[in-house]
Amino acid sequence: MADHVMSCSCAAAPGCMVHRHREPQPEPAVLDSILDHIGNTPLVRLSRIAAAEGLQCELLAKCEYFNAGGSVKDRIARRILEEAEVDGRLTPGATVIEATSGNTGIGLALACAVKGYRCIITLPEKMSQEKVDVLRALGAQIIRTPTEAAWDSPESHISVAKRLHKEIPNSIILGQYDSPYNPIAHYDGTAEEILRSCDGRLDMLVVGAGTGGTLSGIARKIKERCPTCVVVGVDPVGSILAQPESLNQATSGMYYVEGIGYDFIPDTLDRSLVDRWIKITDKPSFTMARRLIRLEGLLCGGSSGGAVWAAVQAARELGPGKRVVTLLPDSVRNYMSRFLNDDWMKARGFLDADDEIREQRERN
Ligand code: PMP
């Protein structure tokens, strides 16, 4: 892997000289381990959704669920873990502890399984049983925390992870909420792949934000290479990441879409890179995820539906010859008993008679 320290403009410290950067590498014919199957994900044209929505521009989606652990977070999990190894902060026999909405946990548990570290994941109750089952299968120990706990309360998944770190000798929190290597993994990898696939030309980028690493890392590189590209952030109603603040006032409290939105602004989210925010809600997000599966054969998760729904709204103002890129962070594997299930959808008012008629029409 080509590693070098270079003058960087990463989200952690603009203009700093200290962060190691990596050139993207092609995947070898035979992999040393499945960790080498992270990155180089496909960029797919959403022609059927674009036609159904009457869009004139081209709509492309980076399918991150093809990564080894099934999500975009495999990229940062591998990166923050390997940077800690290089720095000597992570040594054999150590315990890796992380607070996560699930996908970073799966990426870390996968890396820990391959490399032989113990792994403890703190996870809010809201997150799906499917994520818990995958984490367990990968050998992680899981601690569930109350979803309603504020991020800085002692019961939150973040505070519980910090407490365990103090209690467990030779443990480490790799820290997706503040590690510069979270956005750098996307600045070095995901963004380079998108630019390469698009011959350096895109007009709009639409990406959801949780820690904001994906959005900030990709946006920073794309603004450098393609300054006219408009960056759109996607944030659920009930979260406070969007700007201006007035967008965040219509809170509906709890939302079901997993992995995006927070009640604090993570250090890894650089909102100065975002030109515009779009708020999303559960029903259109899940409806779009089901349409992506049915119309495009893309077996994605709920936040993917939210990102594509937002991309469609933003893309309406773009004419022929323009190109919008969005990103599908994870797979329907995480939500088999949730939005994929008609009864689950109906019980929450996300699938009514009109939706069923439209689904029927689109099926035929
Ligand atoms: N979608 C899903 C399903 C996720 O798990 C995450 C990670 N929390 C995101 C989107 C957002 O990614 P990021 O943390 O890089 O903002």
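In listed order, ligands and their atoms are each counted from 1.
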May I ask you to check whether [X] and [Y] show a side-chain donor-acceptor distance below 3.5 Å?
X: Gln141; Y: Arg118; answer: yes
X: Thr41; Y: Glu64; answer: yes
X: Asn103; Y: Asn334; answer: yes

Side chain proximity check, Ile168 to Ile97, heavy atoms < 4.5 angstrom
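A side-chain contact exists here, since the closest heavy-atom pair is under 4.5 Å.
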Is it true that [X] lies under 4.0 Å from ligand 1, counting heavy atoms only?
X: Gly212; value: yes
X: Ser101; value: yes
X: Asp330; value: yes
X: Tyr335; value: yes

Please say whether Lys73 places an N or O atom under 3.5 Å from an N or O atom belonging to ligand 1.
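Yes; at least one N/O pair falls below 3.5 Å.
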Give the minimum heavy-atom separation between Cys198 and Leu60, together with the two atoms involved.
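Nearest heavy atoms, Cys198 then Leu60: SG-CD1, 4.1 Å.
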Tell me if the aromatic rings of Trp344 and Phe286 count as close, with their centers under 6.0 Å from one another.
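Centroid distance Trp344-Phe286: below 6.0 Å, so yes.
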Of the protein's non-hydrogen atoms, which lies at the shortest distance from [atom], and what is that distance?
atom: atom 16 (O) of ligand 1; result: Gly210 N, 2.6 Å
atom: atom 5 (O) of ligand 1; result: Asn103 ND2, 2.8 Å
atom: atom 10 (C) of ligand 1; result: Ile260 CG2, 3.5 Å
atom: atom 9 (C) of ligand 1; result: Gly259 O, 3.2 Å
atom: atom 1 (N) of ligand 1; result: Ser303 OG, 2.7 Å
atom: atom 12 (O) of ligand 1; result: Thr214 OG1, 3.6 Å

Atom indices of ligand 1 within 4.0 angstrom of [X] heavy atoms, with elements:
X: Glu258; answer: 2 (C), 3 (C)
X: Pro329; answer: 1 (N), 2 (C), 10 (C)
X: Gly213; answer: 15 (O), 16 (O)

So if you build clusters from Ile, Leu, Val, Met, Phe, Trp, Tyr with side-chain heavy-atom gaps below 4.5 Å, do Ile106 and Val332 land together?
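Shared cluster, no.
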Which segment of Ala209 sits under 4.0 Å of ligand 1 when only heavy atoms are counted
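Backbone only.
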Under-4.0 Å heavy-atom contact with ligand 1, by part of Thr211 that carries it:
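The part of Thr211 near ligand 1 is both the backbone and the side chain.
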Salt bridge check, Arg338 against Glu130: does any charged N sit closer than 4.0 Å to a carboxylate O?
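Judged by the 4.0 Å cut-off on N to carboxylate O distance, Glu130 and Arg338 do not form a salt bridge.
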Please list all pairs meeting ring-ring contact (aromatic ring centres under 6.0 Å, His included) that have one or both residues in residues 120-155, counting only residues at least two apart or in different chains.
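For residues 120-155, and leaving out neighbouring residues, the ring-ring contact (aromatic ring centres under 6.0 Å, His included) pairs sorted by first residue read Trp151-Phe264.
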Short side-chain to backbone donor-acceptor contact, Lys221 and Tyr187, under 3.5 Å:
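Confirmed, Lys221 side chain pairs with Tyr187 backbone.
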